[in-house]
Amino acid sequence: MDVRLHLHPWAAATPANWTKAVVLGLAGLYRREMAAELEELKSLLLNDWDPIGVAGIPEAADEYDSYAFHLHSMLTAGATSEAVAEYLSWAVTSRMELTGNPAHDRDIAERAIALYARIDRVARNSIPIEPPTGAAGSGA
């Protein structure tokens, strides 16, 4: 993914405007990246973790969304694979009241960490910020 932040000429007028333009551009990029991360985490949970066996049932496509949101928050905060695995195990045994599979939860946790790291790395490496063109205040 190659994302370029093209700054409007007004952004060159003052450093404050340039900073605002960059922050707004990065906020939009963050929202798109967050949506992509959530979709991949939701897919991982539904298709690979799936403790209740609902993968492939269209009506259950959102079954693990709340877990994906929490997992995303954990990953954003820098959670370890052990913490993620504990959360997944807790969800299965305490929330769903099913028999747990700690080894499977550890595998999914490691995959979630790797997925998050890959997406984060792609996002960080593909944000070239191009300075505005034209003279300050020229409207060019």
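Throughout, residue positions are numbered sequentially from 1 according to the sequence presented. Below, each value reflects all heavy atoms present in this structure, side chains not excepted, and no hydrogens, waters or symmetry copies.
Within the structure, salt bridge (charged side-chain N to carboxylate O under 4.0 Å, His left out) contacts touching residues 83-104 (residues at least two apart or in different chains) do not occur. Identified under the side chain to side chain donor-acceptor pair (under 3.5 Å) test for residues 42-62, with sequence neighbours left out: E39-K42, S43-N47, D48-R111, W49-D105, D50-Y64.
Between A61 and L46 the shortest heavy-atom distance is O-CD2, 3.8 Å. In terms of heavy atoms, A60 sits closest to V54 at CB-CB, 3.7 Å. Scanning all heavy atoms of the two residues, the minimum distance from A109 to S81 falls at CB-O, 3.4 Å. Here the closest heavy-atom approach between residue A91 and residue Y67 is recorded as CB-CE2, 3.5 Å. Closest approach of L71 to A112, counting heavy atoms only: CD2-CB, 4.2 Å. Scanning both residues, L75 and V84, for their nearest heavy atoms gives CD2-CG2, 4.1 Å.
Of the inter-residue distances, the one linking M74 atom CE with F69 atom CZ reads 16.0 Å to the nearest 0.5 angstrom. Residue H72 holds its NE2 atom at 5.5 Å from OH of Y116, rounded to the nearest 0.5 Å. Going from atom CG of L45 over to atom CD1 of I108 covers 7.5 Å, rounded to the nearest 0.5 Å.
Scanning for side-chain hydrogen bond (donor to acceptor under 3.5 Å, both in side chains) contacts around E82 gives T80, with sequence neighbours left out. With sequence neighbours excluded, the residues that form a side chain to side chain contact (heavy atoms under 4.5 Å, CB included) with A103 are N101, R106.
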